[in-house]
Amino acid sequence: MYRSHNCGELRKCDVGKTVRLAGWIHSVRDHGGVIFIDLRDHYGLTQVVIDPEKSFYQALDRWRVESVVRFDGEVVARSAETVNPKLATGEIEIRATDMEMLGEAEVLPFQVAKDDCAPEAMRLKYRFLDLRKDKLHNNIILRSKVISEIRRYMTDLGFNEFQTPILTASSPEGARDYLVPSRLHPGKFYALPQAPQQFKQLLMVSGFDRYFQIAPCFRDEDARADRSPGEFYQLDVEMSFVEQDDIFKVIEGLIADVFTKFGKKKFAPPPFPRIPYRESMRRFGSDKPDLRNPLEMIDVSELFRGCDFKAFASTVESGGVVRAIRAPQVAGKPRKFFDDMIKFAQENGAKGMAYIIWTGEGEKSPIVKFLTREIIDGLKQTGGVQEGDALFFLADQEKLVQKIGGAVIPELGRQLGLIDQDEFKFCWIVDFPMFERDEETGEIIFSHNPFSMPQGGLEALNTKEPLDILAWQYDIVCNGIELSSGAIRNHIPELMYRAFEIAGYDRSVVDRKFGGMISAFKLGAPPHGGIAPGVDRMVMLLADEPNIREVIAFPFNQQAEDLMMNAPSEVTLKQLRELHIEVKLPKKAEAPAASRE
RNA sequence: GGGGGAGUAGCUCAAUUGGUUAGAGUGCCACCCUGUCACGGUGGAUGUUGCGGGUUCAAGUCCCGUCUCUCUCGCCA
């Protein structure tokens with residue numbers, strides 16, 4: 001028997017018991033005549049007291065932290081002045097009578113008992129050590145609990161969980177695939193799924209009605225703070241005979257349940273606000289606005305039309321826009337604050353950024369001398385300006401203004417401390433456009449997902465300007481993080497051919513690329529739709545972690561490498577031969593194509 | 001692929017305009033200490049300043065190249 005109790009469960013009522021504990025040496029405090037050891041396991045910490053005269057201690061030459069040991073001893077009550085209120089087991093301690101070394105530790109590459117800010121590459125290489133730390137350990141347990149709660153909630157609603165293939169076909173649209181060469185079929189490749197999109201739709205065609213899966217997804221794209229490269233998990237959901245509102249209801253209920261049970265921040269109960277995509281872009285310059293931030297862009301183009309400030313007047317004249325962002329109570333800020341904000345806007349593509357400050361004694365601004373009293377007062381009124389506020393102005397073509405505003409708004413909100421850190425703010429972004437114009441080629445392309453149902457159906461496709469057609473496509477956003485995107489699917493073959501035709505694909509191409517799906521839809525497909533919230537991002541928000549790697553047990557680094565397992569790695573020539581693969585490296589690479597057999 | 005930041009002891013960082021033997025904290029090793037819980041005290045060991053080249057009497061510091069990490073834009077049906 002390795003233990004009679006764990007390190008987190010002994011209390012005052014256990015005093016007098018003879019116990020056996022096993023765990024990691026968390027810390028050692030050697031006082032010469034008495035030695036204290038904090039013994040740690042998954043469940044907690046217990047203090048072990050050792051008399052250095054004991055023979056088992058004499059036989060030992062090292063007490064290195066993070067070694068795994070077993071202690072026998074008696075549970076004794078701590079005297080009142082030595083109770084440690086910070087420990088759940090702080091009212092007792094173990095007087096050791098014997099011990100055994102179960103797994104000795106060498107010198108550690110970084111500390112476990114305290115955070116020594118070790119660099120992430122080191123932490124990833126020794127992930128098993130890092131995972132012993134309280135914070136990370138708790139994050140991973142939280143993730144486990146969230147996932148089991150999701151399963152319970154979805155199952156209770158009548159959803160069934162399915163498994164879909166991991167080795168599947170390369171999909172022609174979307175992100176880069178991870179490819180797996182086929183041994184039996186020379187020259188052919190499997191792909192890891194970017195999402196189980198087609199499978200879940202086919203399950204609806206098969207009549208399963210309500211599907212979910214905690215689904216691994218694989219995309220060969222570059223990393224971000226909120227995007228782990230390579231692989232991630234999503235709660236993949238699909239439902240038959242539903243409209244957008246039915247999906248929203250399920251997901252709002254699930255989110256409210258999970259965020260109430262596991263989140264530590266307040267949030268307004270569902271229904272969550274819905275913002276059309278175009279409105280979100282116009283106001284926030286983003287399709288994932290952080291609604292904790294009160295800043296937004298206000299259109300003031302008409303006020304500047306024909307004014308004496310030529311830069312703005314000519315922008316409006318040539319079809320551009322002028323948008324204002326109201327920065328509350330910044331009149332007291334030094335000049336440098338305004339200069340730095342302008343510099344920030346310029347780094348994000350702005351030609352410049354004008355501003356007007358309403359101080360107690362009139363307006364302060366580099367541009368106010370070009371403006372009439374009517375314009376200035378009009379700006380004050382349109383912008384809802386109070387004394388002490390300032391307006392920042394961005395003037396350019398609409399798309400660029402949105403991009404710059406999308407960068408300036410979060411930065412300004414952060415600098416001014418306008419973002420409430422103790423709150424979750426959810427919203428749906430709805431009415432995504434079906435098509436957009438490729439900026440380089442000028443051609444009409446699908447803007448998000450070719451499988452979404454266009455609003456207005458075939459009639460809209462046949463009669464409306466392509467760029468004006470909206471899709472039943474939606475995202476759910478929390479605190480500026482896109483949690484999920486989903487859509488009501490296009491399940492009508494004729495409608496699909498027509499949508500693809502608008503995007504420049506003729507019938508034969510569609511049949512070749514999406515033949516499986518189309519032929520399924522030709523044999524009786526129910527209207528259906530779904531959504532796929534990212535599990536990692538949900539846990540990231542619940543754990544209040546700014547970095548997604550902190551909620552994944554064994555994440556890739558930013559270069560999509562596993563520093564602990566050494567993946568990706570070279571393979572033997574024999575393996576390559578079996579797969580009919582010959583490796584041709586780029587000139588710069590130094591490593592050989594394959595190690596010797 | 002582009003842009004910003006970083007690279008000095010196992011780890012976190014310092015080192016004035018280029019100027020003595022590159023320091024501190026932490027960890028590690030040894031010793032002292034019977035009530036600590038980030039224990040305390042004394043002493044000690046530990047450096048290719050990422051790598052390569054250049055300028056200079058002299059380079060951690062300046063210049064060029066290169067590599068790595070990180071954040072970000074592109075990318076993410």
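Throughout, a chain's letter reflects where its sequence line sits, starting with A, and its residues are numbered from 1. Computed from a prediction, not measured in an experiment: that's the story for all the values here.
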OP1 or OP2 of [N] under 4.0 Å from side-chain N/O of [X]:
{"X": "A:N547", "N": "B:C71", "answer": "yes"}
{"X": "A:R29", "N": "B:C33", "answer": "no"}
{"X": "A:R40", "N": "B:C37", "answer": "no"}
{"X": "A:R64", "N": "B:C29", "answer": "yes"}
{"X": "A:Q473", "N": "B:A77", "answer": "no"}
{"X": "A:K86", "N": "B:A38", "answer": "yes"}

### Query
Using the rule for Phe, Tyr, His and the six-membered ring of Trp, do A:H31 and B:C33 stack at under 5.5 Å and under 30°?
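The ring of A:H31 is not stacked on B:C33.
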
### Message
Taking 5.5 Å and 30° as the limits, would you call A:F36 and the base of B:U36 a stacked pair?
### Response
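Stack criterion met.
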
Between the base of [N] and the side chain of [X], is one N or O donor paired with an acceptor at under 3.5 angstrom?
{"X": "A:R227", "N": "B:C76", "result": "yes"}
{"X": "A:E93", "N": "B:G35", "result": "yes"}
{"X": "A:Q47", "N": "B:U36", "result": "yes"}

Of all the nucleotides listed ([options]), which has the minimum atom distance to the side chain of [X]?
{"X": "A:R78", "options": "B:C76, B:U70, B:G35", "value": "B:G35"}
{"X": "A:A195", "options": "B:C39, B:A77, B:C37", "value": "B:A77"}
{"X": "A:P450", "options": "B:G35, B:A77, B:C76", "value": "B:A77"}
{"X": "A:N557", "options": "B:C76, B:C37, B:U70", "value": "B:U70"}

### Task
Can you tell me the distance, in whole Å, between the CG atom of A:D222 and the C1' atom of B:G3?
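Whole-Å distance recorded here is 14 Å.
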
### Message
What is the distance, to the nearest angstrom, from the CD atom on A:Q559 to the P atom on B:C75?
### Response
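After rounding, the reported distance stands at 20 Å.
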
### Task
Compute both the distance and the angle, then confirm whether A:R507 meets the cation-pi test with A:Y497: under 6.0 Å from the six-membered ring centre, within 45 degrees of the axis.
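Output yes; distance and angle both within limits.
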
### Query
Is the closest side-chain heavy-atom distance between A:Y505 and A:F446 below 4.5 Å?
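Contact flag for A:Y505/A:F446 side chains = yes.
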
### Message
Test: salt bridge (charged side-chain N to carboxylate O under 4.0 Å, His left out). Region: residues 403-415 of chain A. Which pairs qualify, not counting sequence neighbours?
### Response
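Non-adjacent pairs meeting salt bridge (charged side-chain N to carboxylate O under 4.0 Å, His left out): A:E411-A:R414.
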
### Query
Which part of the nucleic acid, if any, lies within reach of A:R176 when heavy atoms closer than 4.0 Å are counted: base, sugar-phosphate only, or nothing?
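No contact at all - A:R176 keeps every heavy atom at 4.0 Å or more from the nucleic acid.
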
### Message
Using Watson-Crick or G-U wobble geometry with both distances under 3.5 Å, which nucleotide pairs with B:G10?
### Response
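Partner of B:G10: B:U26.
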
